[in-house]
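Since this is a predicted model, take the numbers as computed values, not measurements.
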Amino acid sequence: MDSINTKLSFVELGKFLSQFTLNEQVQFANVLHNDLYFEKFKDLLSLSQSHNGWFTPEQVYAAVQSWAEALKEENLKKWLSAYPFDCAQGDKTVKTIGLILAGNIPLVGFHDFLSVLITGHKVLVKPSSNDQHLIRFLANYLISIEPKLSYYISFTEDKLENFDAIIATGSNNTARYFEFYFKDKPSIIRKNRNSVAVLNGMETHRDLVNLGEDIFRYFGLGCRNVSKLFVPKGYNFDAFFKAIYEYKDVIFYEKYSNNYDYNKAIFLMSNFKLLDNEFLTLKEDISHASPISSVFYEYYDNLVDLQTRIENEAEQIQCIVSNNLIPNSIPFGQTQQPKLWDYADNVDTIHFLLSL
């Protein structure tokens with residue numbers, strides 16, 4: 001299928017999604033098929049928390065708006081301009097790409113779904129049981145825009161069969177299974193990763209408020225959420241706690257509150273020293289992967305040694321957040337606003353798909 005038609009279908013999807021914000025849902029006159037899909041999507045969003053308790057309205061609408069922005073025509077054009085699509089299409093054999101999706105945050109597997117279709121391949125989706133409704137709805141909307149896509153999109157609840165390549169996302173344990181089971185197929189296998197922030201004490205109040213967004217968005221369940229802070233020796237956390245007080249209402253959500261109580265109790269029973277503001281605990285720990293409602297921290301002596309440490313542990317880290325203290329870091333507050341060209345695990349999905 002022509003990549004231009006596919007791209008335009010996703011642009012129309014972006015326009016559709018742009019109508020849905022947390023504060024209001026307003027139909028725009030230039031959006032296709034609103035008569036069929038607007039109210040149905042509105043109802044689905046309101047039901048999302050019943051499908052997955054972590055998918056509160058605030059979190060689901062945040063994901064929807066993130067994709068509405070990403071799917072603007074200028075963003076798709078910039079993303080795809082780096083690839084030889086003209087010569088890649090032509091007589092290229094269409095392959096079927098199996099997707100095993102995660103379900104930790106809303107629409108977390110949509111980038112892979114988009115990438116497969118935009119490169120002219122068929123997609124065979126095995127959605128997570130934690131997030132199986134949203135992506136099916138968006139697929140149906142795309143097919144209503146471009147009926148030819150019905151030939152390219154299929155879903156399964158069963159074991160994946162009859163595919164040519166695989167993109168699978170899971171834990172470190174499931175990744176070992178994926179690597180064995182799919183060893184004879186071209187593949188991208190994603191494992192656990194976490195994101196870190198590097199502070200030097202010169203951050204503004206707004207920087208630290210934005211860091212709170214990196215920590216608390218999606219309740220910290222995503223690999224792009226900051227779960228570890230690197231701070232200089234003698235760092236005073238008062239400014240950090242003052243800034244993240246804006247997120248205090250997170251404790252009123254029962255699932256988060258239960259995790260806070262449980263993890264805090266485990267830490268205290270183990271006699272770990274904690275910093276605590278009654279909705280987030282900070283624990284000094286060398287690990288990157290902190291539990292929900294907690295962030296680990298570690299002191300550093302100098303940035304040169306820290307940079308070497310981060311480079312050596314690159315396969316564990318998804319994002320680095322700082323005020324340009326570390327190369328290739330991103331600004332505070334941007335971890336959950338990735339661009340289309342910000343690939344998970346730094347693996348270029350489009351290049352992989354075009355090379356099949």
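- Side-chain N/O atoms of Ser9 and Thr6 include no donor and acceptor closer than 3.5 Å.
- For Lys264 and Phe267, the positive end is not near the middle of the six-membered ring at less than 6.0 Å and at most 45° from its axis.
- In terms of heavy-atom proximity, Ser329 sits nearest to Ser322 at OG-OG, 2.8 Å.
- For the pair Phe155 and Ala139, the tightest heavy-atom approach, listed with the atom from each and the gap, is CE1-CB, 3.8 Å.
- A donor-acceptor pair under 3.5 Å is absent between the side-chain atoms of Thr169 and the main chain of Arg190, judged by distance alone.
- Summarising the geometry of Tyr218 relative to Gln59, their closest heavy-atom pair is N-OE1, 2.9 Å, with the distance given to 0.1 Å.
- Within a 6.0 Å sphere centred on NZ of Lys185, heavy atoms belonging to other residues, nucleotides or ligands number more than 12.
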### Task
Under the side chain to side chain contact (heavy atoms under 4.5 Å, CB included) rule, what do Leu229 and Tyr235 come out as? Steps first, then yes or no, please.
CA-CA 11 Å; Leu229 306 177; Tyr235 183 82; over 6 Å; no
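- Within the model, atoms CD of Glu161 and OG1 of Thr156 stand 8.0 Å from one another, a figure rounded to the nearest 0.5 Å.
- Ile135 and Tyr61 end up in the same hydrophobic cluster when Ile, Leu, Val, Met, Phe, Trp and Tyr side chains are linked at under 4.5 Å.
- Taking both residues in full, the closest heavy atoms of Glu298 and Asp285 are given as OE1-O, 3.8 Å, listed atom of the first, atom of the second, then distance.
- Between Phe230 and His288, the ring planes lie perpendicular to each other; the angle is over 60°, past the 30° to 60° tilted range.
- Heavy-atom neighbours of Glu179 CD from other residues, nucleotides or ligands within 6.0 Å: above the threshold of 12.
- Annotation: Tyr297 is in aromatic contact with Phe237 [ring centroid separation under 6.0 Å].
- Side-chain contact of Gln307 with Glu311: a donor-acceptor pair under 3.5 Å is present, judged by distance alone.
- When only modelled atom types and interatomic distance are considered, Ser115 and Thr349 share no side-chain donor-acceptor pair under 3.5 Å.
- Other residues, nucleotides and ligands place more than 12 heavy atoms under 6.0 Å from the NZ atom of Lys248.
- A pairwise comparison of heavy atoms in Ser48 and Leu134 identifies OG-CD2, 4.0 Å as the closest pair.
- In the hydrophobic clustering of ILVMFWY residues, with side-chain heavy atoms under 4.5 Å counting as a link, Phe113 and Phe178 come out apart.
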### Query
Yes or no on salt bridge (charged side-chain N to carboxylate O under 4.0 Å, His left out) for Glu73 and Lys77, after CA distance, side-chain angles and deciding distance?
CA-CA 6 Å; Glu73 186 168 11; Lys77 183 177 180 180; over 6 Å; no
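- Taking the ring centroids of Tyr37 and Phe137, they lie under the 6.0 Å cut-off.
- No more than 12 heavy atoms of other residues, nucleotides or ligands shown are found within 6.0 angstrom of NZ on Lys233.
- Heavy atoms of other residues, nucleotides or ligands lying less than 6.0 angstrom from CD of Glu254 number 12 at most.
- Seen from the ring of Phe10, Lys7 does not count as a face-on cation partner, given the 6.0 Å and 45° thresholds.
- By the rule that hydrophobic residues join a cluster once side-chain heavy atoms approach within less than 4.5 Å of another member, Ile100 and Ile153 end up as members of separate clusters.
- Ring pair Phe20/Phe41 is perpendicular by interplanar angle, where above 60° counts as perpendicular and below 30° as parallel.
- Open room surrounds NZ on Lys191; 12 or fewer heavy atoms of other groups in view lie less than 6.0 Å from it.
- Counted within 6.0 Å of OH on Tyr262, heavy atoms from surrounding residues, nucleotides or ligands total 12 or fewer; the atom is thus considered open.
- In this structure, Tyr177 has its ring center no closer than 6.0 Å to that of Phe180.
- In this pair, His33 and Tyr141 present their aromatic rings perpendicular. The plane angle is above 60°, beyond the 30 to 60° band.
- Between His111 and Trp67, the ring planes are tilted. Angles from 30° to 60° get that label.
- For Asn172 against Asn192, the heavy-atom pair with the smallest separation is OD1-N, 3.0 Å.
- Checked by atom type, the side-chain pair Gln318/Asp345 shows a donor-acceptor distance below 3.5 Å.
- When only modelled atom types and interatomic distance are considered, Asp207 and Thr204 share a side-chain donor-acceptor pair under 3.5 Å.
- For His351, the NE2 atom counts as loosely surrounded, since its 6.0 Å shell holds 12 or fewer non-hydrogen atoms of other residues, nucleotides or ligands.
- For the residue pair Asp276/Tyr260, the side-chain donor-acceptor check at 3.5 Å is satisfied.
- Proximity of a side-chain donor or acceptor of Thr335 to a complementary backbone N or O of Arg224 within less than 3.5 Å is detected.
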